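These notes are about the structure you will find just below.
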There are 2 protein chains.
Amino acid sequence: MENQCIPESQLLAQQEKLQNNCPGITATLDLIKGKWKPLLMFYLSSGSRRFGELHRLLPNATQHMVATQLRELEHDGLVERRVYAEVPPRVEYSLTPRGESVRGLLEHIYHWSEQQNLPA
Amino acid sequence: MENQCIPESQLLAQQEKLQNNCPGITATLDLIKGKWKPLLMFYLSSGSRRFGELHRLLPNATQHMVATQLRELEHDGLVERRVYAEVPPRVEYSLTPRGESVRGLLEHIYHWSEQQNLPA
DNA sequence: CGGGATCCTCTGGGATACTG
DNA sequence: CAGTATCCCAGAGGATCCCG
């Protein structure tokens with residue numbers, strides 16, 4: 001991650017702090033940067049769901065992408081994957097506490113977008 | 001933009017609304033998705049700055065990228081570009097009201113990241 | 001000084017097919 | 001059902017050179 005910031009002594013303390021910590025912002029944005037991640041998290045916000053269920057909710061996403069995005073969310077600790085040893089196999093996905101927290105962030109973004117005249 | 005959502009009647013009204021409007025979230029994220037955009041906006045939050053100044057503040061970004069990102073921010077109405085007919089040429093960049101608003105969003109993200117144990 | 005023009009690379013996303 | 005394995009492509013990002 002090479003996009004560090006250069007602190008400028010002329011800036012206010014708060015802003016200096018912000019700038020020295022911008023990696024945090026980048027890292028946070030990276031968590032939700034995936035094309036289907038926000039939607040997945042919204043669908044999971046109402047409770048745990050199965051893989052096929054999520055796939056059906058995202059008809060424009062391929063199986064491959066649903067799986068990949070879920071893997072990344074899981075790797076980042078936002079989503080929990082629970083496998084049940086049954087036949088046929090069953091896998092349930094749900095938001096971790098941290099995932100819920102990120103979803104709160106998304107909700108905040110949503111409310112902002114609502115106040116703007118964004119292209120539908 | 002094909003990543004639409006399928007509304008699910010079982011969901012609460014608020015969540016249905018969220019899901020039917022997720023394009024707004026995507027659109028908002030697109031505004032700040034660029035690699036250097038958050039940093040540029042933070043540097044502009046303390047007042048207008050010149051091109052070279054911004055470039056110096058982002059040593060890892062090429063001139064080309066600084067210019068490109070600024071063009072996009074300008075196109076999205078987040079940054080204003082003012083050219084002064086002088087020699088040598090001078091160009092000042094500043095946040096528009098809408099840009100300030102987006103920066104508020106970034107600040108919110110920043111505060112979230114501060115509460116987390118994100119990898120520095 | 002503040003860019004634009006070109007070319008190149010790399011990766012996020014997608015299509016398709018196969019499997020425990 | 002819930003994936004993995006391959007192959008492929010567009011577009012974001014970068015290097016380099018040139019210009020008014």
Side-chain angles (χ1 to χ4, degrees), chain A residues 1-4 22-23 26-27 29-41 43-44 48-76 78-94, chain B residues 1-5 22-23 25-27 29-41 43-44 48-76 78-94:
Chain A
M1 205 159 287
E2 354 73 2
N3 54 340
Q4 298 292 335
C22 25
T26 304
L29 288 176
D30 283 346
L31 296 180
I32 53 180
K33 172 164 65 85
K35 180 167 182 180
W36 307 100
K37 288 181 185 178
L39 298 179
L40 283 171
M41 300 190 66
Y43 283 126
L44 289 176
S48 68
R49 288 180 181 277
R50 306 183 53 170
F51 180 88
E53 205 174 349
L54 290 169
H55 183 33
R56 247 173 287 113
L57 290 165
L58 298 173
N60 294 322
T62 64
Q63 231 176 10
H64 178 252
M65 279 321 294
V66 175
T68 303
Q69 302 276 81
L70 283 172
R71 287 290 158 285
E72 292 182 17
L73 288 173
E74 186 193 8
H75 175 267
D76 291 334
L78 306 184
V79 159
E80 189 187 1
R81 178 170 177 269
R82 214 167 308 183
V83 185
Y84 297 88
E86 305 173 359
V87 273
R90 190 170 113 244
V91 180
E92 297 262 3
Y93 291 93
S94 59
Chain B
M1 206 158 289
E2 351 74 7
N3 55 340
Q4 297 292 335
C5 325
C22 27
I25 296 177
T26 304
L29 289 176
D30 282 347
L31 295 181
I32 53 180
K33 174 164 60 92
K35 182 168 181 179
W36 307 102
K37 288 182 185 178
L39 298 180
L40 283 171
M41 300 190 67
Y43 283 128
L44 290 176
S48 67
R49 288 181 182 275
R50 304 184 55 172
F51 179 87
E53 206 174 349
L54 290 169
H55 183 33
R56 246 172 287 117
L57 289 166
L58 299 173
N60 294 323
T62 63
Q63 233 177 10
H64 178 251
M65 279 319 294
V66 176
T68 304
Q69 302 278 80
L70 283 172
R71 286 291 155 288
E72 291 182 19
L73 288 173
E74 184 192 7
H75 175 266
D76 291 334
L78 306 185
V79 159
E80 189 188 0
R81 178 171 178 268
R82 214 166 310 182
V83 185
Y84 297 88
E86 304 172 358
V87 271
R90 189 170 114 241
V91 180
E92 297 263 2
Y93 291 93
S94 58

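Just so it is clear, the model here is predicted, and its values are computed rather than measured. So that the names make sense, note that chain A is the first sequence line, chain B the second, and so on, each numbered from 1.
One interatomic measurement links the two molecules: CE of A/M65 to P of D/dA2, which rounds to 19 Å at whole-angstrom precision. When the C1' atom of D/dC1 is taken as reference, atom CZ of A/R82 falls 19 Å away, rounded to whole Å. The nearest whole Å value for the distance from the NE2 atom in B/H55 to the P atom in C/dG4 is 14 Å. Rounded to an integer number of Å, the gap from A/E72 CD to C/dG13 P is 7 Å. Rounded to an integer number of Å, the gap from CG of B/L29 to P of D/dA12 is 15 Å. For the pair A/K33 NZ and D/dG13 C1', the computed distance is 12 Å after rounding to whole Å. Distance CZ (B/R56) to C1' (C/dC1): 10 Å, rounded to an integer number of Å.
Annotation for B/G34 and B/Q69: closest pair C-NE2, 3.3 Å, computed over non-hydrogen atoms.
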Quiz item: Do A/M41 and A/L73 pass the side-chain contact (heavy atoms from CB on, under 4.5 Å) test, and can you show the C-alpha distance, the side-chain angles, and the key distance before you say yes or no?
Solution: CA-CA 9 Å; A/M41 300 190 66; A/L73 288 173; 4.2 Å; yes
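With a 4.5 Å cut-off on side-chain heavy atoms, A/K33 and A/D30 count as touching. Proximity of A/Y93 to A/L40: side-chain heavy atoms (C-beta onward) are nowhere separated by under 4.5 Å. Looking at heavy atoms from C-beta onward, B/E72 lies in side-chain contact with B/K37 at the 4.5 angstrom threshold. Considering only heavy atoms from C-beta on, A/N60 comes within 4.5 Å of A/W36 through its side chain.
Map B/E92 and A/Q69 each onto its nearest nucleotide of DNA chain C; the residue landing nearer the 5' end is B/E92.
Closest to the A/R90 side chain, of the nucleotides C/dG14, D/dA2, D/dA15, is D/dA2. Each of D/dC1, C/dC1, D/dG13 was ranked by its minimum atom distance to the side chain of B/K35; first place goes to D/dG13.
Listed pair A/R50 / D/dA2 meets the phosphate criterion, a side-chain N or O lying under 4.0 Å from OP1 or OP2.
Expressed to the nearest 0.5 Å, how far CG of B/L39 lies from CG of B/L58 amounts to 6.0 Å. Distance CZ/A/R71 to CE/A/M65: 12.0 Å, rounded to 0.5 Å.
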Self-check item: Dot-bracket summary - DNA chain C, pairs being Watson-Crick or G-U whose distances fall under 3.5 Å, with | when paired to another strand
Solution: ||||||||||||||||||||
Could you go through nucleotides 3-7 of chain D and list every protein N or O atom that sits under 3.5 Å from one of its N or O atoms, giving the distance for each pair?
from	atom 1	to	atom 2	distance (Å)
D/dG3	OP1	A/R71	NH2	3.0
D/dG3	OP1	A/R81	NE	3.1
D/dG3	OP1	A/R81	NH2	2.5
D/dG3	OP2	A/Y93	OH	2.6
D/dG3	N7	A/Q63	OE1	3.0
D/dG3	N7	A/Q63	NE2	3.1
D/dG3	O6	A/Q63	OE1	2.9

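As judged by a 4.0 angstrom heavy-atom cut-off over every strand, B/E86 is placed among residues making no nucleic acid contact.
For the pairing with A/E53, the side chain to side chain donor-acceptor pair (under 3.5 Å) check across A/R49, A/H55, A/R50 returns one residue only, A/R49.
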